[in-house]
Amino acid sequence: PNHTHADFAVFVGGVHLVFSSEEFMSESESDEKDDDHEAHGHKHHPYFHLHDGVGHVLHMHKPGLTLREFFDSIAFRFEGPGWRMFVNGTEVPFDLGYSFKDMDTILFTNSSEDVVARDQLQQLTGDACLYSKTCPWRGKPPTENCIADPAVPCVIPE
């Protein structure tokens, strides 16, 4: 329950923003790994991050964190009016205070056209299930290091 994953996508002006570059990753080969490094290599946020070059699956290692905390940690701002948010295929009020649940799919788009938003929803991957180990027929997830608040230990299903 303390290691959850969600698929997400952000579209601006019809362009799918890619968050898989090293600048958005929580750790990289070039990061120093020592006892003083915050949260064992998680350079953006100690409990909420992306890693392994996968820029469309959010990892949360502590309950109750919000999407605002994640986007703030990578210095991404939703600018301008007209933002829409979809959770699990349903449009909801735009709310960066949302704390995702395991295997949510989340779309952010500034398109006002429903047909465009439906097409963008189809582009969400559903890869969070790999990390949450709920779709074993799709293969094994990449190995992850599990970190958590010592008061709220990380639990990974076997």
Side-chain angles (χ1 to χ4, degrees), residues 1-28 42-148 154-158:
N2 301 322
H3 187 192
T4 56
H5 307 92
D7 284 271
F8 82 106
V10 177
F11 285 82
V12 179
V15 175
H16 187 179
L17 301 184
V18 178
F19 293 94
S20 59
S21 64
E22 188 173 322
E23 69 182 293
F24 298 113
M25 295 297 111
S26 62
E27 61 185 342
S28 68
H42 291 89
K43 65 184 176 185
H44 294 293
H45 191 287
Y47 305 113
F48 204 2
H49 53 271
L50 304 169
H51 60 77
D52 300 324
V54 178
H56 60 275
V57 176
L58 295 172
H59 299 253
M60 183 168 52
H61 294 266
K62 186 175 180 180
L65 299 176
T66 67
L67 292 170
R68 176 176 291 105
E69 291 175 83
F70 168 72
F71 286 111
D72 284 351
S73 77
I74 62 170
F76 182 83
R77 302 288 182 262
F78 291 88
E79 296 188 7
W83 281 100
R84 300 169 72 187
M85 180 175 166
F86 293 79
V87 176
N88 301 323
T90 301
E91 187 165 8
V92 298
F94 184 83
D95 179 13
L96 290 177
Y98 181 71
S99 180
F100 73 78
K101 293 163 188 60
D102 197 32
M103 298 191 325
D104 273 354
T105 56
I106 304 165
L107 169 69
F108 296 98
T109 182
N110 63 357
S111 176
S112 61
E113 298 179 33
D114 289 340
V115 68
V116 172
R118 281 193 301 273
D119 179 60
Q120 293 168 348
L121 283 165
Q122 295 300 311
Q123 296 180 51
L124 289 161
T125 66
D127 286 347
C129 73
L130 290 169
Y131 293 91
S132 294
K133 298 182 181 180
T134 58
C135 56
W137 59 91
R138 290 187 56 196
K140 292 188 176 202
T143 302
E144 297 183 74
N145 290 325
C146 185
I147 61 161
C154 193
V155 178
I156 299 178
E158 290 300 318

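- Between Ile106 and Ala6 the shortest heavy-atom distance is CD1-CB, 4.2 Å.
- Counting only residues at least two apart or in different chains, disulfide bond (SG atoms under 2.5 Å apart) contacts with residues 85-134 comprise Cys129-Cys135.
- With a 4.5 Å cut-off on side-chain heavy atoms, Met85 and Tyr98 count as touching.
- Two residues are said to be in side-chain contact when any heavy atoms from C-beta on lie closer than 4.5 Å; Leu96 and Phe94 meet this criterion.
- Phe19 has its ring centre less than 6.0 Å from the ring centre of Phe76.
- The minimum heavy-atom distance linking Gly139 with Leu130 is given by the pair O-CD2, 3.7 Å.
- Here the side chains of Phe100 and Phe48 are in contact, with some heavy-atom distance below 4.5 Å.
- To the nearest 0.5 Å, the span separating NE2 on His3 from NZ on Lys62 amounts to 15.0 Å.
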Donor-acceptor pairs under 3.5 Å, side chain of residues 8-18 to any protein atom, not counting sequence neighbours: which ones?
none

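- With sequence neighbours excluded, no residue forms a side chain to side chain donor-acceptor pair (under 3.5 Å) with Asp95.
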- [ ] Dump the intermediate steps for salt bridge (charged side-chain N to carboxylate O under 4.0 Å, His left out) on Asp102 and Lys133, then the final yes or no.
- [x] CA-CA 11 Å; Asp102 197 32; Lys133 298 182 181 180; over 6 Å; no

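- For Ser99, the side chain to side chain contact (heavy atoms under 4.5 Å, CB included) partners two or more places apart in sequence, or in a different chain, are Met60.
- Not counting sequence neighbours, the partners of Thr66 by the side chain to side chain donor-acceptor pair (under 3.5 Å) test are Glu69.
- With rounding to the nearest 0.5 angstrom, the CE atom of Met103 is 14.5 Å from the OH atom of Tyr131.
- Within the 4.5 Å cutoff, the side chain of Asp127 has heavy atoms near those of the His56 side chain.
- By the 4.5 Å heavy-atom criterion applied to side chains, Leu124 and Leu107 are counted as neighbours.
- Between the side chains of Asp7 and Thr125, at least one donor N or O sits under 3.5 Å from an acceptor N or O.
- Among the candidates Trp83, Phe86, Phe71, the single residue satisfying the ring-ring contact (aromatic ring centres under 6.0 Å, His included) test with Phe108 is Phe71.
- Residue pairs satisfying the disulfide bond (SG atoms under 2.5 Å apart) criterion with at least one member in residues 52-126, sequence neighbours excluded, are absent.
- Side-chain atoms of His5 and Thr134, non-hydrogen and from C-beta on, never get closer than 4.5 Å to each other.
- The shortest distance between side-chain heavy atoms of Thr105 and Val87 does not fall below 4.5 Å.
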Open item on the list: Show, in sequence, the C-alpha distance, side-chain angles and deciding distance for Leu58 and Leu50, and conclude whether the side chain to side chain contact (heavy atoms under 4.5 Å, CB included) test is met.
Closed with: CA-CA 6 Å; Leu58 295 172; Leu50 304 169; 3.7 Å; yes

Task: Step-by-step side chain to side chain contact (heavy atoms under 4.5 Å, CB included) determination, Asp114 to Arg84 - done: CA-CA 10 Å; Asp114 289 340; Arg84 300 169 72 187; 2.7 Å; yes

